[in-house]
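What follows is a short report on a single structure.
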Amino acid sequence: MIIGGAIMAVTSLKIFRAAIYLLFSLIGIAGLYFWLNYEFIAAVQIVVYVGGIVVLIIFSIFLTHHSGEDMKAPKIAQSVFAAIAAAAGFALTLTLINRHSFLVGAEKAVEPSVNNIGMQMLSTTEHGYLLPFEVISMLLLASMIGAIVIAIKIKPKA
Amino acid sequence: MGKEFFILMKPELGLMLIIFLLLILKIWDGIKEKTTLLSIVNIVLLLNFVAGFFFNKEGTLFSGMYQTNDILVLEKSILSFGTLLISLIAWDWLKKHEHMLEFYILLLTTLLGMNFMISAGNFMMLYLGLELATIPLAALCNFDLEKLKSSEAALKMILSSAFASCILLFGISMLYGTTGTLIFSELPAHLDGGMLQMLAFIFVFIGFAFKLSVVPFHFWTADVYEGSPVAVTSYLSVISKGAIVFVFISTLINLFSTLGATWYHLLVISIVMTITAGNLFAMRQDNIKRFLAFSSITQVGYILLGLTNGTDAGSASAIYFLVVYIFSNLAAFGVVSMVSEQTGKENISDFNGFYKNNKVAGWVMALALFSLAGIPPTAGFFGKMFLVTAGAAKGNYLLLAFASLNMVVSLYYYLRVVKAIFINANENPIEKVQSSFPVKIALGICMLGVIATGFYSGIYDYIVSVIK
Amino acid sequence: MNEIGLPQILVISVALFFIGVYGFLTRRNMITMLMSIELILNSVNINFIAFNKYLFPGKLDGLFFTVIIITIAAAEAAVAIAIIINLYRKYKSIDVEDANSMKF
Amino acid sequence: MLHSKLIALVPLLPLATFLVIGLFGRKYLKNFSGILGTLSLLTAAVISFYTAYEYFFVVGKNAAGVYEQIIAFKYTWLQFSPGMSIDMGIILDPISIMMIVVVTFVSLMVHIYSMGYMHGEERYSTYYAFLSLFTFSMLGLVLASNIFQIYIFWELVGVSSFLLIGFYYDKPSAVAAAKKAFIVTRFADLGFLIGILVLAFYSGTLDFQTLIERFTTNSEYYTAVTAASFMGISALTWGLVLVFIGGAGKSAMFPLHVWLPDAMEGPTPVSALIHAATMVVAGVYLVARLFPVFALSCPPALDVVTYVGLFSSLFAAIIACTQTDIKRVLAYSTMSQIGFMMFALGISGYGGEEGLGYMASMFHLFTHAMFKALLFLGAGAVIHYVHSNEMKDMGGLRKSMPVTHITFLIACLAIAGIPPFAGFFSKEEILAAAFHSNKVVFVVAIITAAITAFYMFRLYFSIFWNKPSYAEASAGEQKVEAHGHDDHAHTDHAHEKHGEGTKTMLLPLILLGLLAIGAGFIPFGHFVSSDGKGLETEFHLMFSLAPVGLALLGILLAMWLYKRANTKPTRISEAVGGIYRAAYRKFYIDEIYLFITKKIIFNVIGKPAAWIDKNIVDGCINLSATLAENFSETLRPMQSGKVQHYAMFFFVGVLGFAVLFIYFWTN
Amino acid sequence: MNLTLLILIPLLTAIVILTCKSLQSVRWVAFIGSMIQLGLSGMLLYAYNTERALGNTAQMLFSERHSWYAALNIEYYIGVDGISIAMILLTAFVVAAGVLISWKMEMLSKEFFFLLMLLSVGAYGFFISLDLFTMFFFLEVAVIPKFLLIGIWGSGKKEYSAMKLALMLMGGSALVLIGILGVYYNTNDGAGNHTFDILKISQQHIPISLQLYFFPVLFTGFGVFTAMFPFHTWAPDGHSSAPTAASMFLAGISMKLGGYGCLRVAMYLMPEGAHHYSWAIILVATIAIIYGAFATLMQKDLKYINAYSSVSHCGFVLLGIGMMTQTAIVGAVMQMVSHGLMTALFFGAIGMMYERTHTRQVAQLGGLLKVMPFIGVVFVIAGLCSLGLPGLSGFAAEMTVFVGSWQNPGMWHRLATILACASIVVTAVYILRAAGASVMGPIKDEHFRALKDANWNEKLASVLLLVAILAIGMAPFWLIDLVGPDSQIIMDHLTNAGGL
């Protein structure tokens, strides 16, 4: 489902459908997280991606498209070349991964419960992630401002 | 926590302070007069820069996520100094701009990001800093709001840097997978040079090489430089490059030192490709900003050459060169911005006979270009020489020969511009360009730097002493 | 379906990654390029989570990294879309092929 | 002991004059400069006469009655390496004394003569400056105590001759002649220079005395230089021959003689001084200077000298018979006479009776200087009078210029070797020496002597007789000016006022005429000889019959042909046709040279060199530049402005790096 | 005697010039500055001789040493020996003459004289510095002013020439850089420290295997500056497009930088390499001499004639260096000085003629000796000097080279020497052709009759150079005494290195 969705998403010519396929693929990933019982991440995934980004994307699609029309198909040569390159990369990475024997960490697992996560996220002690949290807030702020400034409506030239 | 914390994180805190101050100003919207605002901002920046030289301490915070020491502080102060210069040079442009405050907020955010990136203690912070330094920058590229090129530049910036950071992230994830840690202090112990690790390492390297616009990851550079407002362009070419170089110096080299030989060869290949391509592309440019973009690519090649040395000497020469490079490049951009501000001309051919009406500006430009080309008596000569000297230390004389002969090629296109300014005839040359007081100051500082930094060995000695 | 281990997940993520790359290289619509980026980021996320789960459960590095990536992705998307819209106002097109006024 | 200060004055006075006149002449002492130059030279001449007296009669002879060399003074000028240095010195021995006497005297004569001849010249003072310069260099040359010093003054002589030949520098022909003279002699000097290098290298010195001493005695230097050989010829021979080439160049020996006839473009007094009396015998002097080495250590080189000299004398004599420009005739005769001196040296041995040739040659040099100068000055007077060098414009001048006529006649007799004129004695000695040493040489020599007599008198008759008288001959003939100065002013000046010229012009003629008569009676052998011992030259009438007879024959032939205007000469010349034309064209030597230089050197070497430089050497450099530019031009499309292309490159780059470093360049 | 003055004076002059307002003041400042330099160099000569007379046997006198970039062992280390003093004198004379010659430079005169002074700074600094890095610094300082001088004030295809000159010279200095760093990294004072100090390096020993790489690089690098055969093509174009003073500087001084570098750096620091490659040096030099001479035969433009003859004459310098006998080296140094003065004079005369007649084509000139006697005479004298007339500097120098070369008994060396000697005939040919056609002969163009002769500044300039030329030509011994001992030191260094 993930892969399928992804492939459809990058190939379908109807941009709107592409967005929907992307949505499916993302939800699939969320499912995967659930299955790995990382509920928190799954939740974040669904909230941010499904609830945020995809919606954003769809809005922008509405803004920039008269719905329903096809996108221009990619140039053949370009897509072929890209396909080859991607395939090559895929093969390369996979072979390397298969060659590689992953060493398993010894220490006992930490329960990735929301509680734990919350504690760690806001603590500055060992395994504390306060700083990144702060920094991200700065980042969000900045990008918000930037986005506003840019996207703010300027008089369309006659 | 406590006093310790404030001292160690001083640069970042200072920046955050300024940012919030600006936010408040923005929201409260009290001061209408632009110039006063600008002067306030600049003064604050100056303070921030000056503060960089007092009570510095070594230490780490947040369980090693944040580390600092004299070198890092020095690097940060260099960056903030460059930013100050840029904001001075951009004075005239900003006065007209209605989003001046946002400009500063974003600018400083990126600077903050760079600071975090420099003093990052693990990959998470590194990546965060990188993004923090990139995304607002993309927004900044778009700040000539009604200019088409500007937003196109922004697009190219954001898309390609997103792609690059994807590569970087993939690399990091693989590193994580193969070593099980993200903390720099622990990482080298886990590096065993396995193939997957190599792949990861190369991905990471390329993620940063992209930001340095190392060939063949440089294509975005020219377009973005051309499209963005001059201030942003100079910021891109000097500060963000510098930040990445600093990251190389203070983090990556030590981090992957266990992969010595590969690391060296990787650098060598990048150097050769970068210098060659940079020169070849710069040769036929007509837009002066594109031209400077490619020239900066070549410069990066030389910086990497210095880094191949791998010892303190190399790092010192690289830092020194960056200082010189800030002076010279900003001087060049300063003149370019003046011209493009008042005449909208950005082509080298427009500069024909420039000297006729602009004696001082002509000399400033010329000196800056000489400094970039590494011609004495400008400081650029010393910078380049030290880089090359450092690069030759490993005894790789072919590389040395390659680099020094390429200097000649690069001289060719720098001289093209000089020729345009001084020699080429032009029936209606550019009129006398006016420049406001801050710009004059900034250029003055740059010229002082370009000339004095070379003769006065103190700066270099200071850098060395700090690194030791 | 039989037991899914690390390798299988990695296969998925890598596949996702390169699909994303393919998309990025081929789609001529800026927004879809953005979507491809998201795909890639997700593949990275999967990597982190998987590694964290199977190899290094001791700390939650991977998890937090994922969180950060997701957030950043959001921010990036916001800015990118803003830029795209801005560009669309001028070009009346979001075909990336058209955005080549600067070249050589 | 004669004090060296005084002798030093001999060359230095003219130098001072040159500087003074050269710097201030043009402006301040325009017409006074002639007198100044003359006076200073007069002093110099007096001093040299005094020196000669001192040397020959007071201090010169040592106990053994041998004239020894005295180094008046020596100053190190340029130290090459320990032991090898260029010294500025003055050497006094019979030949140098004899030479300074000749030089100063003839030069003095010319100075005086020129006061009249060059009168009213625009660059009058410059002319005198150059004359002084030349005199200085010539004196320096003959007094040189160091082979490199000779070379230095050799060059200086060359350049002053260049300046004087090219005195009328706005006349292209003059400039061309000057260039030719300088370049040809320069070419010869190349030989001289290399010769010096060779000799100096093996002898380890540049000083004449030491050098001669090392090469004549059986020293290790001697063995070294004879042992070393190149192309089977010993280094010594090479050295000497090369040096002789230098001499041959200056002395206009075949085949380096081509410059001499053209050099007649210069003012006639100059020709008298430089190209008759003094400079051209420098070659002879050089050989004489090194004579011990030639004679004692290296006979083969001496043979070269002999045959070159002999051939040149005959060759020149034949050409002289056909020339119509009187100065050219004289020029060729000079060449021929110098040939005499050369082969005289060549056949001579060292010491005692053997050394007769040496002494004879010097003697001939001496007398020849006198009568040849006289001839030139006379010719000058004639040209001055008729404003042309061509025989056909002359004739019947004996009435209108008697003094010139008489003196000229004396000179002709002298050169023809008719007793009791000076030439007779010296020539007799030469012939005698030839007779004793080498019959072939003797025969050729005696024939040449006869031809000499013939062409000299051809000259004489066609100038002074031939036509009834100059008056109607030159009626309405207004010849083109030979010199730069004003035509009418001068003609008046020449015809009405003084007839054949000013007193200043006549005085030298007379003086020289007297010498041409009397010089022969000097017992030359007592003073000058190869080894410094006196040489008693007895004189047998029987022997001298043949040459004198032949000479008279030649004279009669000339008289028969040229005394009256008639068509015999043309008929004869048509009869012998080819040879005549060849001789008239100087056997096409000039053409050959022209071919070699213009065609070979310029087109085959020069042009290609220039072409290669422009197209190949420079081409490569420009090519590299263009290549780089074109390459960058071809690269530019990569920067297509499309994000996806960039990303494509990016991604390919990533894969490339990965593959490269993971599979190929692993450590 | 404080050597730093030699750098400071021109520098100050340059700065003062920038502050000048009027053309007059600029001229006079430049003039006074150059005169002070002249005086300084004279004093230097005097002081040097007295020191030596007092028995000071240090290799370098008046040396100063300040650590500059301690971390990289870069020092500001200066000092002079006889050779460098000769070069300094040459520079001073040419600078003064150049300033005087370009008296009437109205266009951007301030910049013009500023750049001239900058050039002289480079030259002085190069000649006095004993630290490779400092030396290299000054070597490059002198490049860009040339570019601007030719480009801005030049004539003809100036832009091409200027670019070509700058690039080729930079190429040369790039090679020099490689060589210097190669040497630097192979020095070792036992404690493992590298050094740029020439004297120290000469005491240490660079591994021969490396000398074989770096000697040719370094020598070629400097060779480019002195117009060594395949890399000489910047010279003709550059010289001919440059304004008069610039040509004087180029041919007079900056070509000598190369020769000096070859001698002082390449040969002195890598003697084995020198021995190993001497045949190549001689080959190149001989080619340059002969080929330069013949190429000159074909030139029509006076400046080109002199430029190519410079190539030929600088061949003598290289020949002398390559022959590696003491006399030959002395000859090379003398030839540098003499050629510097002579060619400066020649270019000066050509410039004066060009300024008046506005043509440099031999075919169009003629009879100038009549209308402008002074200039004509200067031209002829310069010509005679260049064809090696005794009494003028050229003769003494060339003869020393020849004698010295002949002392090297190799057959190949002999051949080279003979060829070199032969070139003086060709020299005579082209010089006389040029002189005969341009200053002698009938006046080709009636306008020439109206032309004025040299004015005081030009006269003064020519006289300055003439005095120097005569001083060497008439009394070469003082120069020999000045240069001899130090070239002996170099020679001993070479001989000790073995090989001969």
Side-chain angles (χ1 to χ4, degrees), chain A residues 10 53 57 60 64 82 85-86 88-107 109-110 119-158, chain B residues 1 5 9 12 15-16 19 23 26 61-66 98-99 101-103 105-106 108-110 112-113 116 120-122 124-125 127-129 131-133 135-143 145-146 150-151 154 170 174 177-181 190 192 194-200 203:
Chain A
V10 297
I53 298 175
I57 288 175
S60 59
T64 57
F90 183 62
L92 175 71
T93 327
L94 270 193
T95 43
L96 290 179
I97 288 174
N98 293 337
R99 292 260 195 88
H100 192 277
S101 58
F102 290 96
L103 47 113
V104 180
E107 65 277 81
V110 181
M119 285 310 297
Q120 288 198 7
M121 185 174 287
L122 296 180
S123 78
T124 60
T125 56
E126 185 65 18
H127 312 312
Y129 292 88
L130 176 60
L131 183 60
F133 192 70
E134 298 294 333
V135 177
I136 288 193
S137 59
M138 291 297 300
L139 173 54
L140 286 173
L141 170 70
S143 42
M144 235 163 59
I145 295 172
I148 294 167
V149 170
I150 295 169
I152 216 162
K153 194 92 179 160
I154 47 174
K155 307 279 163 298
K157 321 246 174 311
Chain B
M1 293 306 283
F5 168 81
M9 277 189 86
E12 292 74 10
L15 281 173
M16 288 197 191
I19 295 171
L23 260 179
K26 176 73 187 169
L61 283 175
F62 303 106
S63 62
M65 281 192 192
Y66 177 90
E98 75 260 36
H99 295 300
L101 276 174
E102 291 83 343
F103 174 85
I105 293 173
L106 294 183
L108 296 181
T109 326
T110 55
L112 184 65
F116 277 121
N122 70 0
M124 198 180 291
M125 286 307 299
Y127 173 67
L128 257 177
E131 289 298 339
L132 186 54
I135 297 173
L137 209 45
L140 279 176
C141 294
N142 206 344
F143 251 55
L145 287 165
E146 61 290 345
S150 173
S151 39
F170 193 77
M174 283 301 164
T178 50
T179 61
T181 177
H190 295 77
D192 55 8
M195 284 180 159
L196 189 56
Q197 245 172 35
M198 294 305 296
L199 181 75
F203 274 33

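Chain letters run A, B, ... following the sequence lines, proteins first and then strands; every chain starts at 1.
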Under 4.5 Å from any heavy atom of chain A, what part of [X] do you find: side chain, backbone, both or neither?
| X | result |
| --- | --- |
| B/Leu132 | both |
| B/Leu140 | neither |
| B/Ile19 | side chain |
| B/Phe170 | side chain |

Check against side-chain contact (heavy atoms from CB on, under 4.5 Å), B/Glu102 and A/Ile148: CA-CA 10 Å; B/Glu102 291 83 343; A/Ile148 294 167; over 6 Å; no
Verdict with reasoning, B/Leu196 to B/Leu199, per side-chain contact (heavy atoms from CB on, under 4.5 Å): CA-CA 5 Å; B/Leu196 189 56; B/Leu199 181 75; 4.1 Å; yes
When A/Leu141, A/Val149, A/Thr95 are compared by non-hydrogen pairs under 4.5 Å with chain B, the top option: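 Option with the greatest count: A/Val149.
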Residue among A/Thr93, A/Ile145, A/Val135 with most heavy-atom pairs under 4.5 Å to chain B: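 Result: the option with the highest number of such pairs is A/Val135.
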Interatomic spacing from CE in A/Met138 to CG in B/Leu15 - rounded to 0.5 Å: 8.5 Å
Straight-line distance of B/Met174 CE to A/Leu96 CG, nearest 0.5 Å: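 B/Met174 atom CE to A/Leu96 atom CG measures 9.0 Å (nearest 0.5 Å).
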B/Glu98 and B/Phe103: CA distance, side-chain angles, deciding distance, side-chain contact (heavy atoms from CB on, under 4.5 Å) verdict: CA-CA 9 Å; B/Glu98 75 260 36; B/Phe103 174 85; over 6 Å; no
B/Gly129 to B/Phe116 - nearest heavy-atom pair and separation: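 Distance-wise, the nearest heavy atoms are CA-CB, 4.5 Å.
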Option that, when pairs with chain A are counted at under 4.5 Å, heavy atom only, ranks first among B/Thr109, B/Thr110, B/Thr178: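 Answer, by heavy-atom pair count under 4.5 Å with chain A: B/Thr178.
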